[in-house]
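Since the model is a prediction, treat every value here as computed from it, not as a measurement. In what follows, chains are A, B, ... by sequence order, proteins preceding strands, each numbered from 1.
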Amino acid sequence: MEMQKNYNPKDFEDRLYAEWMDKNYFRAEADPSKIPFTIVIPPPNITGQLHLGHALDNTIIDALIRFKRMQGYSALYLPGCDHASIATEVKIVEEMKKEGLTKNDVGRDGFLERAWAWKEKYGGRIVEQMKKMGVSCDWSRLSFTMDEKCSRAVREVFVNLYNKGLIYRGDRIINWCPGCKTALSDAEVEYSEDASFFWHLKYPVKDSDESIIVATTRPETMLGDTAVAVNPKDKRYKNMVGKTLVLPLVGREIPIVADDYVDMKFGSGAVKITPAHDPNDFEVGLRHDLPVIRVMNDDGSMNENAGKYEGLDRFEAREKIVEDLKACGALVKIEPHSHNVGHCYRCKSTVEPIVSKQWFVKMEPLAGPAIDAVARNKIKFTPERFSKIYFNWMEGIKDWCISRQLWWGHRIPVWYCQDCGEVICSKTDPTECPHCHSTNLRQDEDVLDTWFSSALWPFSTLGYPDKTEDFNYFYPTDVLSCGYDIIFFWVARMIFSGIEHTKKVPFRDVLLHGIVRDEQGRKMSKSLGNGIDPLEVIDEYGADSLRFALITGVAPGNDSRYSKGKVEAARNFMNKIWNASRFVLMNAEGVDIPSVLDVKFSPADKWIISKLESCIREVTLNMGKFELGIAAGALYDFLWSDFCDWYIELCKSSLYGDDANKKAATLSVLCFVLKTSLKLLHPFVPFITEEIYQNIPGTEGSIMVSEFPRYNSKYAYKKEAKAFETVMDIIKAVRNMKVQVNCPPAKKVKLFLATPNKRLVSANANAILKLAGASEIAFVESGAEVGEKTLSQVTEGCTVFVPLGELVDIEKERERLSKELERIVGEIRRADGKLQNRGFIDKAPKNLVDAERAKLEKFIEMKAKIERQIEELDA
RNA sequence: GGAGGCAUAGCUCAGUUGGUUAGAGCGCUCGCUUCACAUGCGAGAGGUCGUAGGUUCGAGUCCUACUGUCUCUACCA
């Protein structure tokens with residue numbers, strides 16, 4: 001293969017992806033001879049295009065999937081998209097607005113037509129983007145939350161829950177978004193600290209001079225007040241309870257009630273009660289049987305109960321009401337006050353708590369088993385700390401409001417008989433009322449919360465409620481990986497849904513990652529305009545670089561920052577791999593390479609194989625712990641430092657030498673190590689590894705279906721690897737000495753070595769000469785034998801002497817040696833101190849004590865040698 | 001109000017159950033067009049691991065308090 005000088009991903013990424021698709025490598029079969037390994041994608045919303053968060057999701061999941069696939073599992077990465085009810089509807093409404101149209105203009109059917117067209121367009125785009133990332137999804141199982149399969153599961157689940165009494169309809173306080181004109185679940189409300197005011201109002205007691213002062217942050221709700229509450233223990237108001245107040249502006253008579261909910265110490269100790277517009281007040285209202293008066297319309301304007309304020313927007317009404325209260329003397333005081341205000345997570349409008357008839361899922365019976373599953377380790381969170389957050393939320397969970405006043409979504413499968421009022425909840429569309437046989441039925445207008453269908457994703461996509469082959473084989477899934485920001489929205493709901501409907505936990509591991517932030521640590525957002533388009537990054541640097549940049553240095557659950565510098569570093573690494581491979585392949589050209597099993601390994605070979613084995617172990621171990629960042633880091637170090645900087649350089653003397661057999665043997669090891677490390681790397685950077693792998697002599701087929709390397713202790717070569725470091729230390733020592741005395745690296749020097757490892761050193765003499773820039777090697781017993789003054793460096797296995805020659809400054813050398821001596825003396829002091837400590841000797845593990853002793857001995861020896869060098873320098 | 005995270009080199013972060021001389025990338029300094037790679041090579045400088053205690057033979061790592069910072073969650077009218 002002709003390899004370009006520089007890594008250019010555009011030359012092969014698309015081609016290889018097409019090839020993988022073509023060969024059907026992504027397809028996971030329900031193969032009983034294999035163990036299944038399943039991950040379902042966190043389905044991206046069809047609202048737009050992928051961002052870096054999705055890119056991270058995909059990189060993590062794809063790495064795990066490819067790893068397991070290579071290990072022989074039947075690995076299924078199940079892809080799909082979410083219809084994102086409210087988010088998509090908002091987008092389509094915006095789009096229609098540009099044409100001057102509203103939802104009502106086009107009608108429900110017309111609107112849904114547009115929505116499906118939108119889905120085709122953006123869903124398709126997302127799939128293309130994922131392919132660019134190189135993900136090995138099984139596209140034959142591509143799903144959509146509103147496709148027939150998933151919709152059937154939604155229907156099944158809704159009806160079952162309804163029949164069990166776990167879904168009910170009722171008037172409750174819910175979060176209402178006047179912008180989207182729909183109810184929201186608690187999870188869909190975002191709170192932010194907003195500066196506002198406290199308005200203190202005076203409500204007069206009927207037929208009396210007395211009055212009571214209440215404070216509010218939403219004065220417009222006073223129109224709906226139906227009581228004022230005080231604490232029953234509050235002496236100040238003891239004789240007021242039971243009296244009647246006259247509501248200013250409105251003139252309505254309302255009672256003073258006593259309720260424990262009121263905090264005596266807060267404000268005036270009296271609270272205006274507006275059951276229709278406040279969740280706490282609603283509860284108080286229930287306890288005291290108070291009327292519920294709603295004063296607002298669905299769009300946030302005031303309704304007919306607001307009297308003269310009818311038709312005004314809620315914030316206009318607020319101003320007007322405050323003005324009028326002031327005019328009639330009911331406004332006592334205005335106080336600046338900042339408090340948390342709820343906003344719609346989609347359109348950011350201020351959310352209004354409003355009483356409304358909605359559908360709810362009763363959470364308490366579902367939460368118990370879901371808590372249990374995590375508490376009993378049936379599901380494990382990584383990092384573990386998120387289980388606390390999960391418990392915290394699950395234990396205090398309220399009923400889930402699942403109806404949305406939207407059109408895009410799963411329509412609630414409930415019909416109302418227009419004649420007898422019968423409520424029909426059915427898996428199939430009813431044609432007549434089972435009670436009165438009327439055919440005059442009307443389906444509930446609302447659709448379901450988008451997360452209702454997402455909650456079923458791990459099993460709806462696999463065929464539930466049918467016991468399909470896929471369902472039986474791939475369910476429960478294995479790992480669920482997503483950002484920690486959707487634990488409540490999604491993960492928790494999948495857990496209770498899975499347990500309730502399939503009687504099994506939907507997955508065994510939850511792997512959470514953090515948020516990808518921008519270079520300054522800010523969240524990426526449209527309004528800040530700091531979002532990064534993965535496609536642009538891929539276009540500039542390649543998918544592998546993006547993947548590697550996203551995965552390096554990240555620990556589970558931790559936020560990370562994206563920067564161009566990181567992608568560049570990753571791209572440089574790709575280039576490094578590219579060129580190392582180019583080097584190996586170029587040298588292998590036309591050479592008959594023996595099997596690595598037939599090669600007698602040189603010390604350098606054993607060293608790199610030893611390093612490779614520990615790399616295999618580390619990668620495998622860390623993949624198992626979901627520490628992908630550590631696994632990737634280990635590979636980076638191994639390939640760049642060990643393989644490129646050392647082993648390839650060490651090989652050059654034999655590759656460029658005359659011994660053809662030796663050259664062939666070296667190439668065999670080079671190819672073996674390269675091939676093995678590419679396999680290790682493949683889950684992270686699939687394209688470059690595939691492109692190179694197929695060209696390495698002795699490989700067959702695709703790397704993505706090759707076997708993942710297994711650690712083999714037979715090749716650990718611990719002792720040999722350690723011994724070989726003597727050679728490396730000699731090279732480092734010479735380089736170091738040269739730089740310190742300003743000797744040009746190209747200038748060849750004579751080496752005199754005092755070492756007990758003459759055989760090892762001789763065997764690697766060529767490499768030492770080449771890498772250290774030396775002309776010859778001679779063995780001596782001491783520096784005195786060199787016959788002239790020398791530079792010297794003491795290493796563990798060898799003392800290296802270089803004749804001073806004419807270039808050198810004795811003063812500088814003395815300085816260097818004393819600095820080294822100082823360091824060694826420090827080490828001796830430290831080790832000695834440790835060994836003087838009885839506690840250490842008695843309590844520390846024996847091997848550590850022994851190691852410390854050996855170290856001390858070594859340092860003492862080195863100290864003596866350095867002292868001798870200093871003496872000789874002065875002689 | 002409750003809960004959780006983070007604090008390690010100039011910057012961004014690793015540091016696995018406490019145990020070699022605390023690491024990497026980027027940046028910085030010096031030197032290299034060495035026949036895979038200047039998207040590179042070699043050699044360096046740079047850290048009292050937020051503060052104060054404690055447990056331990058031994059603490060970046062465990063415990064307590066404090067400071068700073070970020071996030072989640074609840075919501076007091």
A.B. asks: Rounding to a whole Å, what distance do you find between A:Ile487:CD1 and B:A3:P?
C.D. replies: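 Answer to the nearest Å: 18 Å.
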A.B. asks: Just call it for A:Ala569: base, sugar-phosphate, or nothing, with non-hydrogen atoms closer than 4.0 Å on any strand.
C.D. replies: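 Here A:Ala569 touches the backbone only, sparing every base.
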A.B. asks: Closest to the A:Pro745 side chain: B:U39, B:G19, B:G31?
C.D. replies: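 Of B:U39, B:G19, B:G31, B:G31 is nearest to the side chain of A:Pro745.
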A.B. asks: Restricting to nitrogen or oxygen on both sides, can you table the protein-nucleotides 67-74 of chain B pairs closer than 3.5 Å?
C.D. replies:
residue, atom, partner, partner atom, Å
B:A74, N6, A:Asn340, ND2, 2.8

A.B. asks: Go ahead and name the base partner of B:G50; Watson-Crick or wobble counts if both distances stay under 3.5 Å, otherwise write none.
C.D. replies: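 Base partner found: B:C66.
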A.B. asks: What nucleotide among B:G4, B:C35, B:C37 has an atom nearest to a side-chain atom of A:Lys770?
C.D. replies: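 When the side chain of A:Lys770 is considered, B:C35 is the closest of B:G4, B:C35, B:C37.
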A.B. asks: Looking only at side-chain atoms of A:Tyr656, point me to the closest of B:A43, B:G40, B:A36.
C.D. replies: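 Selected nucleotide: B:A36.
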A.B. asks: Suppose we define a pair by two distances each less than 3.5 Å, Watson-Crick or G-U wobble; what does B:U17 pair with here?
C.D. replies: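 Matched B:U17 with nothing under the 3.5 Å cut-off.
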A.B. asks: Within the pair A:Asn280 and B:C76, is there a side-chain N or O less than 4.0 Å away from OP1 or OP2?
C.D. replies: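 Affirmative; the distance criterion is met.
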A.B. asks: May I ask you to decide if the ring planes of A:Phe583 and A:Tyr656 are parallel, tilted or perpendicular, using 30° and 60° as cut-offs?
C.D. replies: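 Rings of A:Phe583 and A:Tyr656: perpendicular, over 60°.
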A.B. asks: Going by an N to O cut-off under 4.0 Å, is there a salt bridge joining A:Glu352 and A:Arg218?
C.D. replies: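 Yes, A:Glu352 and A:Arg218 are salt-bridged.
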A.B. asks: When the nearest nucleotide of RNA chain B is assigned to A:Tyr7 and to A:Gln740 on a heavy-atom basis, which residue is associated with the more 5' position?
C.D. replies: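 The residue closer to the strand's 5' end, by nearest nucleotide, is A:Tyr7.
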A.B. asks: So which nucleotide from B:U12, B:A77, B:C75 ends up closest to the side chain of A:Lys566?
C.D. replies: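 Out of B:U12, B:A77, B:C75, the nucleotide with an atom closest to A:Lys566's side chain is B:U12.
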A.B. asks: Heavy atoms from C-beta onward define the side chain here; which of B:A14, B:U39, B:A77 lies closest to that of A:Ala555?
C.D. replies: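 Out of B:A14, B:U39, B:A77, the nucleotide with an atom closest to A:Ala555's side chain is B:A14.
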A.B. asks: With respect to the phosphate group of B:A77, does any side-chain polar atom (N or O) of A:His200 fall under 4.0 Å of OP1 or OP2?
C.D. replies: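 No, A:His200 has no side-chain N/O under 4.0 Å of OP1/OP2 on B:A77.
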A.B. asks: Only pairs with both distances under 3.5 Å count, Watson-Crick or wobble alike; so what is the partner of B:C30 in this structure?
C.D. replies: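 Because both required distances fall under 3.5 Å, B:C30 counts as paired with B:G42.
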A.B. asks: Taking donor-acceptor contacts at under 3.5 Å, does the side chain of A:Lys5 reach the base of B:C37?
C.D. replies: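 No.
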A.B. asks: Near RNA chain B, which residues from residues 541-549 of chain A have a heavy atom under 4.0 Å away?
C.D. replies: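 Within residues 541-549 of chain A, no residue comes under 4.0 Å of RNA chain B.
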A.B. asks: Should B:U12 form a Watson-Crick or G-U wobble pair with both distances under 3.5 Å, which nucleotide is its partner?
C.D. replies: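 Partner of B:U12: B:A24.
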A.B. asks: Output the distance between atom NE2 (A:His513) and atom CG (A:Asn558), rounded to the nearest 0.5 Å.
C.D. replies: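 Rounded to the nearest 0.5 Å, the NE2-CG separation comes out at 12.0 Å.
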A.B. asks: Partner of B:C35 by Watson-Crick or G-U wobble geometry, both contacts under 3.5 Å, or none?
C.D. replies: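 Paired with B:C35, as far as the under-3.5 Å criterion goes, is no nucleotide at all.
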A.B. asks: Kindly point out which of B:G42, B:A77, B:G19 is positioned nearest to the side chain of A:Lys834?
C.D. replies: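 Nearest to the side chain of A:Lys834 among the choices is B:G19.
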A.B. asks: Do the side-chain N or O atoms of A:Arg385 get closer than 4.0 angstrom to the phosphate oxygens (OP1, OP2) of B:G4?
C.D. replies: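 Indeed not, no polar side-chain atom of A:Arg385 lies that close.
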A.B. asks: Can you tell me how the ring of A:Tyr345 sits relative to the ring of A:Phe489, calling it parallel under 30°, perpendicular over 60° and tilted otherwise?
C.D. replies: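 Parallel.
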A.B. asks: Measure from the side-chain heavy atoms of A:Asp645 and tell me the nearest of B:C76, B:G42, B:A77.
C.D. replies: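 Nearest to the side-chain atoms of A:Asp645, counting from C-beta on, is B:G42.
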A.B. asks: Picking from B:G25, B:A36, B:C41, which would you name as closest to the side chain of A:Ile648?
C.D. replies: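 The closest nucleotide is B:A36.
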A.B. asks: With nearest nucleotides of RNA chain B determined for A:Lys265 and A:Glu568 from heavy-atom distances, which residue corresponds to the more 5′ nucleotide?
C.D. replies: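 Closest to the 5' end, via its nearest nucleotide, is A:Glu568.
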A.B. asks: Considering only B:U39, B:A36, B:U12, which nucleotide approaches the side chain of A:Arg561 most closely?
C.D. replies: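 Nearest listed nucleotide: B:U12.
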A.B. asks: Between A:His339 and A:His337, what is the ring plane arrangement, given parallel below 30°, perpendicular above 60°, and tilted in between?
C.D. replies: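 A:His339 vs A:His337 ring planes: tilted.
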A.B. asks: Indicate, yes or no, whether a donor-acceptor pair under 3.5 Å links the base of B:A14 to the side chain of A:Glu627.
C.D. replies: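 Such a pair does not exist between side chain and base.
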A.B. asks: Using a 4.0 Å heavy-atom cut-off across all strands, classify A:Thr217 as base, sugar-phosphate, or nothing.
C.D. replies: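 It contacts sugar-phosphate atoms only.
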A.B. asks: Using 30° and 60° as the class limits, which term best fits the ring planes of A:Tyr390 and A:Phe381: parallel, tilted or perpendicular?
C.D. replies: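 Because their plane-to-plane angle lies in the 30° to 60° range, the rings of A:Tyr390 and A:Phe381 count as tilted.
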A.B. asks: Could you please name the partner base of B:U61, counting Watson-Crick and G-U wobble pairs only when both distances are under 3.5 Å?
C.D. replies: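 Pairing partner: none.
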A.B. asks: Determine whether any donor atom in the side chain of A:Arg571 lies under 3.5 Å from an acceptor atom in the base of B:U39, or the reverse, and answer yes or no.
C.D. replies: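 Such a pair exists between side chain and base.
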A.B. asks: Using Watson-Crick or G-U wobble geometry with both distances below 3.5 Å, tell me the partner of B:A3, or none.
C.D. replies: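 Base-paired to B:U71.
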